[in-house]
Amino acid sequence: MSHKKSNKDIQKGWLEKPRTLRMLWILLYATCALTVILELFISRKPHFGFDGFFGFYALLGFISCALLILIAKFGGIFLKRKENYYQED
Amino acid sequence: MSCFPPAWLLLLGALLVPYFTGKYRSWYVIALTGLTLYTVTALEPGTFWHVNFFGHDLTLLRVDKLSRLFGIIFSLYALVTSVYSYYMRDGNQHMSALFYIGSALGVVFSGDLISLYFYWEIMAVASVMLILARKNRASYAAGCRYVLVHILGGLCLLAGILMHINATGSVEFSAFTAQNTANYLMLVGILVNAAAPPLSAWLPDAYPESTVTGSVVLSAFTTKTAVYTLIRGFPGWEILIVVGCVMALYGIFYALLENDMRRILAYSIINQVGFMVTGVGIGTAMALNGAAAHAFAHIIYKGLLFMSAGAVLYMTGRSKCTDLGGLYKTMPWTMLLGTVGALAISAFPLTSGFTTKSLIIEGAVHEHLLWAWMVLEIASAGVFLHAGIKFPYFVFFAKDKGLRPGETNWTMLIAMGVLAFFCIFLGVYPDPLYALLPYSMEAYHAYTPSHLVTQLQLLMFSALVFFLFLPLLKRTETISLDTDWFYRKGGKLAYIFLDKAGNSLNYICEKCLMGVVRTAAGFFADAPARIALFVMVNIWLIAGFRGRHLELKKKKLYSDVLQGALPVGLGAAVSTAFIVLVFLIS
């Protein structure tokens with residue numbers, strides 16, 4: 001069912017064009033900024049005290065995801081094996 | 001209103017599958033699951049079908065708000081999967097799926113521990129059939145490992161149930177409070193099915209080895225019956241908070257390492273069930289409702305994700321991220337619907353995850369559980385990383401691998417469309433779901449400005465990290481070692497160890513014993529002849545025999561004794577001499 005074309009035949013879709021990609025990056029940064037700016041217009045009660053400062057959730061999202069990726073990357077050094085690892089013997 | 005156990009409908013109905021062929025078989029399965037959904041919605045509240053079983057009163061049907069909620073989602077999902085698998089004509093798979101779903105409904109509507117255990121085990125056997133249905137070496141091996149782990153879990157549950165009945169004399173299945181061995185054994189048995197580490201590796205090991213429709217069906221029932229059983233039996237058991245938090249992070253960690261799309265989704269089941277288990281551990285009405293509501297929403301969006309992954313596998317024959325990419329061009333509907341599922345699992349506003357997961361997190365806040373809350377928030381951000389973006393990005397976007405499979409068939413799209421509709425419907429208007437929740441709590445409003453903004457911040461910055469760290473997330477053609485290593489490699493090592501150690505010991509013992517026996521046998525074989533010679537040679541020397549004559553006599557005596565050809569009198573004399581000698585020695 002699958003039909004594979006050689007690399008030359010692959011036409012670049014609209015999502016792969018550099019201009020679109022640049023636009024998407026700008027959109028991503030703008031949305032992130034917007035979510036932080038929106039916090040100016042709401043009143044938020046901290047749950048535990050320390051989580052009350054401005055942009056807490058943005059920071060939490062950023063730091064926790066960065067840490068998760070780094071920890072997974074580090075763990076991968078020890079845990080990743082070739083796909084035929086269990087079939088070798 | 002009815003009081004017919006919906007489980008029986010599917011279990012008995014499954015037996016008729018072989019009598020239908022071709023498309024009629026698919027239509028029959030759709031009709032049967034549709035009828036089951038109707039039966040579940042028409043169930044009267046109360047307990048029915050009381051049966052005496054070896055002196056114990058079994059309650060074969062218990063309908064209350066909790067069992068009804070799970071019954072509705074199970075049968076609704078059964079109907080949607082039967083539409084999804086319309087193209088599939090394999091009677092074995094249809095039968096196994098119906099047995100599996102039927103027994104899951106049986107667990108949910110059982111009022112006592114004995115019938116619950118009965119259905120629990122049918123579920124294990126039927127689900128292994130779905131894994132084996134792919135009929136290749138990998139699925140066969142994964143199925144064998146799967147069934148071994150589930151036998152272990154089932155035996156723990158059985159031991160716990162028997163001890164519980166022995167101690168209390170009651171078979172009723174209600175909340176357990178005593179912290180004793182019986183209840184802990186039951187808890188362990190249930191946690192195996194909930195895929196709690198360290199006995200969780202069966203899930204990402206086996207589900208991705210099943211068929212396209214097999215993994216779609218499997219994704220919903222085993223873990224969610226475990227969640228149901230935990231809500232019913234172990235609400236407020238604090239250890240579950242720890243177990244749930246570990247599951248939530250563990251799932252993300254492995255999903256980030258994985259390359260196979262269905263294995264990524266399998267790990268994210270563990271992550272999501274972690275939220276529910278934490279909710280059960282918190283144990284307040286809000287948290288328990290959150291666990292139930294999240295299970296409801298999870299079945300829908302996880303099913304949708306597995307369906308879109310299944311459609312990709314069906315059309316391309318590939319499931320590894322390194323082989324996929326750029327499919328948005330030729331599978332736009334699958335991409336769109338899969339993305340709805342990805343947004344729902346990430347709890348994006350306007351999707352079902354947003355309105356259900358927040359109940360659990362809010363439950364943790366109300367109980368001032370700082371660490372649990374923190375882990376759940378981190379895990380929420382992590383979900384968007386591994387399932388929300390990673391799955392659709394590497395499968396449908398990323399680098400175009402030149403695959404041009406075309407859109408999948410329309411029945412699959414209809415099934416995905418229905419689930420996507422529910423993902424958004426429950427996200428926009430969760431009130432019908434909230435009305436079904438089992439425990440009474442104060443009215444909850446998910447859409448507060450504060451909740452919206454904080455959730456959007458969390459998710460958008462997670463997305464930012466994903467794209468900033470993209471080079472670190474490059475897929476590799478690898479697998480990751482999980483706890484199944486211990487029984488896959490460890491099992492082999494144990495075998496080799498036992499082979500080497502046990503068989504060597506056997507060899508040494510055999511050598512020693514045989515040496516002694518052989519020496520003794522050698523000695524005793526001609527011992528009478530030698531003794532006879534010893535006695536007679538001295539007599540002959542005294543009698544004056546010498547030289548060749550003596551040699552001839554010695555040879556004759558030796559061969560006569562060995563062949564038993566001695567004159568009777570002489571034979572008796574030698575035997576007596578031998579007995580005397582033995583007597584003197586001893």
Side-chain angles (χ1 to χ4, degrees), chain A residues 1-7 9-16 24-25 28-29 31-45 47-48 50-51 55-73 75-76 78-87 89, chain B residues 141 249 252-254 256-257 259 314-318 326 328-329 365 368 370 373-374 377-379 381-382 384-386 397 399-406 449-450 452-469 472-473 476-482 488-489 492:
Chain A
M1 262 171 279
S2 68
H3 175 63
K4 189 160 183 171
K5 291 187 174 185
S6 71
N7 281 336
D9 298 337
I10 298 173
Q11 287 189 337
K12 282 205 166 176
W14 61 274
L15 260 179
E16 288 141 76
L24 286 172
W25 271 108
L28 180 62
Y29 280 121
T31 320
C32 286
L34 185 69
T35 58
V36 179
I37 293 166
L38 276 176
E39 198 176 332
L40 291 170
F41 303 101
I42 58 159
S43 66
R44 185 165 68 82
K45 239 179 27 192
H47 297 309
F48 294 96
F50 71 91
D51 55 328
F56 171 79
Y57 283 85
L59 195 70
L60 180 69
F62 193 93
I63 292 177
S64 54
C65 284
L67 277 179
L68 281 170
I69 290 176
L70 292 175
I71 292 169
K73 188 83 192 159
F78 304 101
L79 294 172
K80 277 191 175 181
R81 291 289 184 281
K82 282 183 186 151
E83 283 167 342
N84 62 356
Y85 174 73
Y86 285 115
Q87 287 119 45
D89 35 356
Chain B
L249 292 177
I252 296 173
F253 175 80
Y254 274 100
L256 284 173
L257 288 176
N259 184 30
Y314 181 62
M315 295 307 292
T316 65
R318 293 145 194 256
Y328 74 96
K329 291 171 189 166
V365 170
H368 308 290
L370 172 63
W373 169 77
M374 198 74 190
E377 289 288 11
I378 291 170
F384 197 40
L385 269 188
H386 78 266
F397 305 101
K399 190 174 172 358
D400 191 342
K401 299 288 179 357
L403 299 169
R404 298 291 181 268
S450 147
L452 265 173
V453 169
T454 52
Q455 183 70 3
L456 280 172
Q457 277 185 7
L458 194 75
L459 294 178
M460 288 320 297
F461 277 83
S462 306
L464 182 65
V465 171
F466 180 88
F467 289 107
L468 285 176
F469 284 58
L472 286 181
L473 289 164
T476 49
E477 291 191 332
T478 51
I479 55 162
S480 309
L481 299 185
D482 198 343
R488 295 177 77 171
K489 281 286 172 181
K492 257 182 205 157

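Just so it is clear, the structure is predicted and the values come from calculations on it, not from any experiment. Here is the naming used below: chain letters follow the sequence lines, and residue numbers restart at 1 for every chain.
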request  = Start with the C-alpha distance between B/F467 and A/L24, add both sets of side-chain angles, then the distance that settles side chain to side chain contact (heavy atoms under 4.5 Å, CB included), and finish with yes or no.
outcome  = CA-CA 11 Å; B/F467 289 107; A/L24 286 172; over 6 Å; no
What residue, out of [options], has the most heavy-atom pairs lying under 4.5 Å from chain A?
options	answer
B/I479, B/L452, B/T476	B/I479
B/A141, B/G326, B/P449	B/P449
B/H368, B/M460, B/R488	B/R488
B/L370, B/L473, B/L249	B/L370

Is chain B contacted by the side chain of [X], its backbone, both, or neither, given a heavy-atom distance below 4.5 Å?
X	result
A/F62	both
A/F41	neither
A/L70	side chain

ask   = Think A/K73 forms a cation-pi with B/F469, using NZ or CZ under 6.0 Å from the six-ring centre and within 45 degrees of its axis?
value = no
query = When only pairs under 4.5 Å are counted, which of A/R44, A/R81, A/E39 shares the most heavy-atom pairs with chain B?
reply = A/R81
inquiry  = Taking every non-hydrogen pair under 4.5 Å, which of A/S64, A/G76, A/A58, A/A72 racks up the most with chain B?
reply    = A/A58
Need one label for [X]: side chain, backbone, both or neither, based on atoms under 4.5 Å from any heavy atom in chain A.
X	result
B/L256	side chain
B/Y254	side chain
B/L472	both
B/L385	side chain

How many angstroms lie between [atom1] in [X] and [atom2] in [Y], if you round to the nearest 0.5 Å?
X	Y	atom1	atom2	value
A/Y57	B/L456	OH	CG	13.0 Å
B/Q457	A/T35	CD	OG1	5.0 Å
B/L481	A/F78	CG	CZ	12.0 Å
A/I69	B/L468	CD1	CG	9.0 Å
A/L68	B/F466	CG	CZ	13.0 Å
B/H386	A/C65	NE2	SG	11.0 Å

request  = Go through the steps for B/F253 and A/L79 under the test side chain to side chain contact (heavy atoms under 4.5 Å, CB included), then give the verdict.
outcome  = CA-CA 11 Å; B/F253 175 80; A/L79 294 172; 3.6 Å; yes
inquiry  = Which heavy atom of A/S43 sits nearest to which heavy atom of B/S450, and what is that distance?
reply    = O-CB, 4.1 Å
remark   = Those residues at least two apart in sequence (or on a different chain) that pass side chain to side chain donor-acceptor pair (under 3.5 Å) with B/E377 are B/W373
